[in-house]
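Take a look at the structure set out below.
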2 protein chains.
Amino acid sequence: MRLLRPDQDVAAPQRVLDAIRRDIIFGALAAGSRVTEAALASKYGVSRVPVREALRALEAEGFVESRPYAGSTVAEIPLDDAEDLFAVRGVIESTIARRAARRAAEQFAGDAPSSRWWTARRALTDILDAGDRAVAADALAELPELNIRFHLGVAELSGSASLAALLRQISGKIEWLYAVDVDHRGRQSWGEHRAIMAAIDAGNEPDAGRLMSGHVDSSRRGYLQRFAGPDQTDP
Amino acid sequence: MRLLRPDQDVAAPQRVLDAIRRDIIFGALAAGSRVTEAALASKYGVSRVPVREALRALEAEGFVESRPYAGSTVAEIPLDDAEDLFAVRGVIESTIARRAARRAAEQFAGDAPSSRWWTARRALTDILDAGDRAVAADALAELPELNIRFHLGVAELSGSASLAALLRQISGKIEWLYAVDVDHRGRQSWGEHRAIMAAIDAGNEPDAGRLMSGHVDSSRRGYLQRFAGPDQTDP
DNA sequence: CTCTCCTCGATTGAATACAATCGCAGAACC
DNA sequence: GGTTCTGCGATTGTATTCAATCGAGGAGAG
């Protein structure tokens, strides 16, 4: 009947997976460090079985590396891949945005929008509002999480599970790279989301793709400016 | 001491994962069909635990969908995503090819190529030879598997685990889409691999990227010609 | 006859228990 | 003194076991 623990034990294993991934991305688990199943199990209050499943998923996503009988280690942050990852992400995200726009138009062309679509769309409204509140309250620390959820929400809206899976993988890596340049351009970046959402709602594929592409590119420039500043190329 | 079962039980769980994925890609497990853990466990002669881990990894890769207590089903083939997946794959693969070329140049610029690099490079030679033999012997059925291995091998050579993980995910999807257009253009497609390899070995980044991009695009055109032929766009 | 509720079988989720393997420390030998 | 080998501790891999949940089918009320 599940009156207690409202939506927590619905997905106990999923929760462990998300928690570990989150710890990796935001630095609680350092890159290269060794993680033992027993430690994670006791940390999250479950047995080793769900932890093992989570580690396997994370391995598929590229966040941990495992060797038989040798255990798992947190993967190294792909610093060298930054440029390339941004390029790939740009293509994936603009594709997703275009498809989301097309799908939005389809939803209203037909009889009635599917409930699945509405659920995703409503979640995005909540995310955008929460982000705006965070910006207004100067609680910029909340933005990284909301940023990921916004982009994944758009992927959900696009209806393509394949592209969504690719995005989950790559956006996780990018957040990992710089845990969001939140002090530097958090406000502006968040503001761009509204425009993207509007283009999608309007069913405007070209604009949606273009705005998303620009959004990712701004992010890329922000990253380069902050980290790769002086030595753009190595001799 | 592992004298028996030479390289089979080294990675029993990995083997189950690869086997299931292979069955999905090449059609032994139909899209949309329900898969029970017990059935897979008995099929591969292991218990349910490694099967569950494999399913979680496949879920992360987007090949199966799971709902708590409702079991797992093989995901639907992303037919609608074909165009987009080819576009994304083009970017990923050409990026990988350019990086592989750069890395090849670096290997010979320094003191001595790393053993890791050499291992990957040697594997590619074997794959290319095996493919040529298969073509000569008209054993085209072997090409799909070798094709995947060639592309993943180049990814290995690029040295970027992130890009390799992305490629693994997307190339699996594309093989799944058309289990390789082997009768139609298997020979020509395979022939292009040598040229790509040569550009990489020469450390020629632009050529490597361009050739790989063209290679993927040929593949895309082959797919469209064969499946999406008449109705390029829906009214 | 239809709808609702409930029970039961099947299946998944999780925990415990045991076997297999690896890496390291320390002793023995050269 | 250095090298090699051998136990031992720690950790992972797998099987077995039990609890939780879902879905289908039937009984009963309206």
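What you are looking at is a predicted structure, and each value in this text was computed from that prediction instead of being measured. Below, chains carry the letters A, B, ... as their sequence lines are ordered, and counting in each starts from 1.
Proximity note for A:Pro68 (side chain, C-beta onward) versus C:dG13, D:dG13, C:dA15: the nearest is D:dG13. Among the nucleotides D:dT14, D:dG13, C:dA14, the one closest to the side chain of B:Pro50 is D:dT14.
Atom OH of A:Tyr69 is separated from atom P of C:dC22 by 8 Å (rounded to the nearest Å). Taking atom CZ of B:Arg34 as the reference point, atom P of D:dG23 lies 9 Å away to the nearest angstrom. Here the P atom of nucleotide D:dA15 and the OH atom of B:Tyr44 are 15 Å apart, to the nearest Å. The separation between B:Glu37 atom CD and D:dT16 atom P is 15 Å, rounded to whole Å. The distance from atom CZ of A:Arg48 to atom C1' of D:dA15 is 12 Å, rounded to the nearest whole Å. Look at CZ on A:Arg15: it is 14 Å from C1' on C:dG13, rounded to the nearest Å. Across the protein-nucleic acid pair, A:Leu55 atom CG and D:dG13 atom C1' stand 13 Å apart, rounded to whole Å.
A salt bridge links B:Arg21 to B:Asp18: one of the charged nitrogens lies within less than 4.0 Å of a carboxylate oxygen.
Judged purely by atom type and a 3.5 angstrom limit, B:Arg220 has no side-chain atom pairing as donor or acceptor with the backbone of B:Ala87.
Contact check of residues 58-65 of chain A against DNA chain D (heavy atom, cut-off under 4.0 Å) returns no residues at all.
With DNA chain D read from its 5' end, the first of the two nearest nucleotides for A:Val49 and A:Ser72 is the one closest to A:Ser72. Nearest-nucleotide positions on DNA chain D for A:Arg67 and B:Ala70 put A:Arg67 closer to the 5' end.
Applying the ring-ring contact (aromatic ring centres under 6.0 Å, His included) test to every pair with at least one member in residues 34-66 of chain A, sequence neighbours left out, gives these pairs: A:Phe63-A:Trp176.
Neither side chain, A:Thr95 nor B:Asp84, offers a donor N or O lying under 3.5 Å from an acceptor on the other.
The phosphate of D:dT14 has neither OP1 nor OP2 within less than 4.0 Å of any side-chain N or O from B:Ser47. OP1 or OP2 of D:dG13 lies within a sub-4.0 Å distance of a side-chain N or O belonging to A:Arg52.
A 4.5 Å side-chain heavy-atom check between B:Arg34 and B:Val74 finds every atom pair outside the cut-off.
Relative orientation of the B:Phe86 and B:Tyr223 rings is tilted, given thresholds of 30° and 60° on the angle between their planes. Ring geometry for A:His151 against A:His215 counts as parallel: the plane angle stays under 30°, on a 0 to 90° scale with 60° as the upper cut.
Heavy atoms of A:Val35 sit under 4.0 angstrom from primed sugar atoms or phosphate atoms, though from no base atom. Note on B:Thr36: only backbone sugar-phosphate atoms sit closer than 4.0 angstrom, heavy atoms only; bases stay farther off.
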